Amino acid sequence: MEGRIHSVETSGMVDGPGIRYVIFTQGCLLRCQYCHNPDSWDRDGGEVKSVDSLMTDIKKYVPYMKHSKGGVTVSGGEPLLQMDFLIELFKECRKLGIHTTVDSSGGCYSSNATFQKKFDELCSYTDLFLVDLKQIDDQKHRQLTGVSNKHILEFARKLSDKQVPVWIRHVLVPGISDNDNDLIKLHHFISSLTNVEKVEVLPYHKMGVYKWKELGFTYPLEGIESPTEEQVEHAKSLLKAD
């Protein structure tokens with residue numbers, strides 16, 4: 001089994017609990033205005049790697065992961081675009097007792113029977129989902145990402161129904177995703193879920209802007225600065241975030 005991989009980080013500290021081996025997959029259907037990996041959008045890009053080759057590398061870091069109660073996280077891009085690969089990778093991780101996490105925006109989530117069958121199997125091998133909820137208002141979500149949020153909210157509800165543990169993440173962009181009413185509505189939605197272990201507010205940053213310019217893309221949030229500490233704390237209070 002092979003997957004298209006954007007990059008690998010062997011000692012991630014912010015993509016789930018503990019020290020984590022983070023695999024960034026290639027391909028994404030969203031076009032987030034603040035994306036820091038626009039080079040991951042193309043589904044035909046990246047490097048093809050086998051589950052076996054990745055597991056050979058992962059095994060080198062098992063002592064560090066287990067000592068820190070870490071594990072393997074698959075991020076993106078959008079990992080759910082490559083569920084067959086994910087399932088096989090996580091099966092191998094499960095054999096070694098490695099904690100598994102999927103970091104997803106749910107952008108390709110579907111009620112299609114084939115998707116649901118694979119998703120059910122993936123969930124059986126996944127210990128944690130990091131779910132990116134970017135904007136609760138559908139129209140604003142379309143402006144921010146290029147797509148509706150309806151199927152993404154359905155994705156979050158499905159994980160709640162299945163009682164798969166999740167951490168909710170919200171990127172705070174001044175003037176884009178920091179409206180008080182939107183944050184209150186987002187909190188109400190999160191409160192309706194029964195599987196949320198943590199809510200995180202991630203301050204917007206500009207570390208990926210250079211990639212947009214290298215690719216010849218116009219960066220849509222030019223001139224927008226990172227939120228202040230006060231703005232972040234205010235958002236946390238409204239979302240009841242950690």
Side-chain angles (χ1 to χ4, degrees), residues 1-16 20-51 53-54 57-58 71-90 100-110 115 118-119 122 126 128-135 141-149 151-152 155 167 169-173 176-177 200 202-222 224 226:
M1 178 62 64
E2 296 178 328
R4 284 198 169 271
I5 307 303
H6 172 271
S7 56
V8 168
E9 183 180 350
T10 58
S11 56
M13 301 291 287
V14 295
D15 300 286
R20 308 197 68 82
Y21 188 102
V22 186
I23 301 167
F24 297 91
T25 56
Q26 186 74 26
C28 189
L29 303 184
L30 274 61
R31 295 294 180 264
C32 298
Q33 293 181 336
Y34 51 68
C35 180
H36 61 276
N37 279 329
D39 50 334
S40 73
W41 291 347
D42 181 5
R43 295 181 68 173
D44 295 321
E47 181 181 356
V48 176
K49 292 189 177 184
S50 69
V51 168
S53 67
L54 285 165
D57 197 39
I58 287 169
V72 171
T73 295
V74 182
S75 185
E78 175 49 64
L80 297 185
L81 287 171
Q82 302 186 56
M83 278 200 291
D84 291 333
F85 164 77
L86 262 186
I87 290 166
E88 293 308 310
L89 178 72
F90 281 7
T100 55
T101 296
V102 175
D103 182 1
S104 172
S105 67
C108 66
Y109 181 79
S110 170
F115 184 97
K118 292 181 180 181
F119 186 66
L122 173 62
T126 305
L128 175 69
F129 272 81
L130 308 182
V131 177
D132 302 315
L133 296 182
K134 302 172 188 297
Q135 172 57 258
H141 193 278
R142 291 173 187 269
Q143 294 170 353
L144 178 61
T145 71
V147 303
S148 169
N149 69 4
H151 62 299
I152 292 170
F155 164 62
W167 293 4
R169 295 174 144 189
H170 178 71
V171 177
L172 192 71
V173 187
I176 302 289
S177 60
E200 297 179 309
L202 307 181
Y204 161 72
H205 62 73
K206 298 188 286 185
M207 289 187 285
V209 175
Y210 77 95
K211 291 186 179 181
W212 287 70
K213 295 178 179 178
E214 286 181 350
L215 291 167
F217 298 161
T218 299
Y219 188 64
L221 299 184
E222 196 70 51
I224 293 181
S226 300

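These figures come from a predicted structure and were not determined experimentally.
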dist Cys108:SG -> His151:NE2 (nearest 0.5 Å) comes out at 7.5 Å
Could you note down all residue pairs passing side chain to side chain donor-acceptor pair (under 3.5 Å) where residues 202-216 supplies at least one of them, sequence neighbours left out? Asn37-Lys211, Tyr204-Tyr219, Lys206-Glu225
With a 4.5 Å cut-off on side-chain heavy atoms, are Val102 and Phe90 touching? yes
According to salt bridge (charged side-chain N to carboxylate O under 4.0 Å, His left out), who are the partners of Arg142, at least two apart in sequence or on a separate chain? Asp138
With side chains defined as the heavy atoms from C-beta onward, is the minimum distance between Leu144 and Ile176 less than 4.5 Å? yes
Which pair of non-hydrogen atoms, one from Thr126 and one from Leu122, has the smallest distance, and what is that distance? OG1-O, 2.7 Å
Heavy-atom side-chain proximity of Leu89 to Ile23 below 4.5 angstrom: yes
Nearest heavy-atom pair of Gly16 and Leu130: which atoms, and what distance? N-CD1, 4.0 Å
Listed by chain and number, what are the salt bridge (charged side-chain N to carboxylate O under 4.0 Å, His left out) partners of Asp103, not counting sequence neighbours? Arg169
Close side-chain approach of Tyr109 and Ser104, heavy atoms under 4.5 Å: no
Could you walk me through whether Leu86 and Thr25 pass the side-chain contact (heavy atoms from CB on, under 4.5 Å) test, one step at a time? CA-CA 10 Å; Leu86 262 186; Thr25 56; 5.8 Å; no
Return yes if some donor-acceptor pair links the side-chain N/O of Arg4 with the main-chain N/O of Val48 below 3.5 Å, else return no. no
Interatomic distance, CG@Leu29 vs CZ@Arg43, rounded to 0.5 Å, equals 6.0 Å
Of the non-hydrogen atoms in Val74 and Pro79, which two are nearest, and what is the gap between them? O-CG, 3.4 Å
Evaluate the side-chain proximity of Ser177 to Lys134: yes if any heavy-atom separation is below 4.5 Å, no if none is. no
Quick one, Leu215 and Trp41 - any side-chain contact, counting heavy atoms below 4.5 Å? no
Whether Glu78 side chain and Gly27 backbone form a donor-acceptor pair below 3.5 Å: no
Do Met1 and Asp84 come within less than 4.5 Å of each other through their side chains, counting heavy atoms only? yes
For a side chain to side chain contact (heavy atoms under 4.5 Å, CB included) with Phe155, tell me which candidate from Leu133, Val131, Asn149 qualifies. Val131
Give the minimum heavy-atom separation between Phe85 and Lys49, together with the two atoms involved. CE1-O, 4.2 Å
Take Asp15 and Thr101 through the test side-chain contact (heavy atoms from CB on, under 4.5 Å) and record every step on the way to the result. CA-CA 8 Å; Asp15 300 286; Thr101 296; over 6 Å; no
From Gln82 CD over to Gln26 CD, what is the distance, rounded to the nearest 0.5 angstrom? 8.5 Å
What distance do Leu54 atom CG and Tyr21 atom OH have between them, rounded to the nearest 0.5 Å? 5.5 Å
Nearest-0.5 Å distance, CZ of residue Arg20 to OG of residue Ser75: 11.5 Å
Working to the nearest 0.5 Å, report the span between CG of Asp132 and CD of Glu200. 10.0 Å
Does any N or O in the side chain of Gln33 come within less than 3.5 Å of the main-chain N or O of Gln143, such that one atom is a donor and the other an acceptor? yes
For Gly77 and Ser40, work out which heavy atoms get closest and say how close. N-OG, 3.3 Å
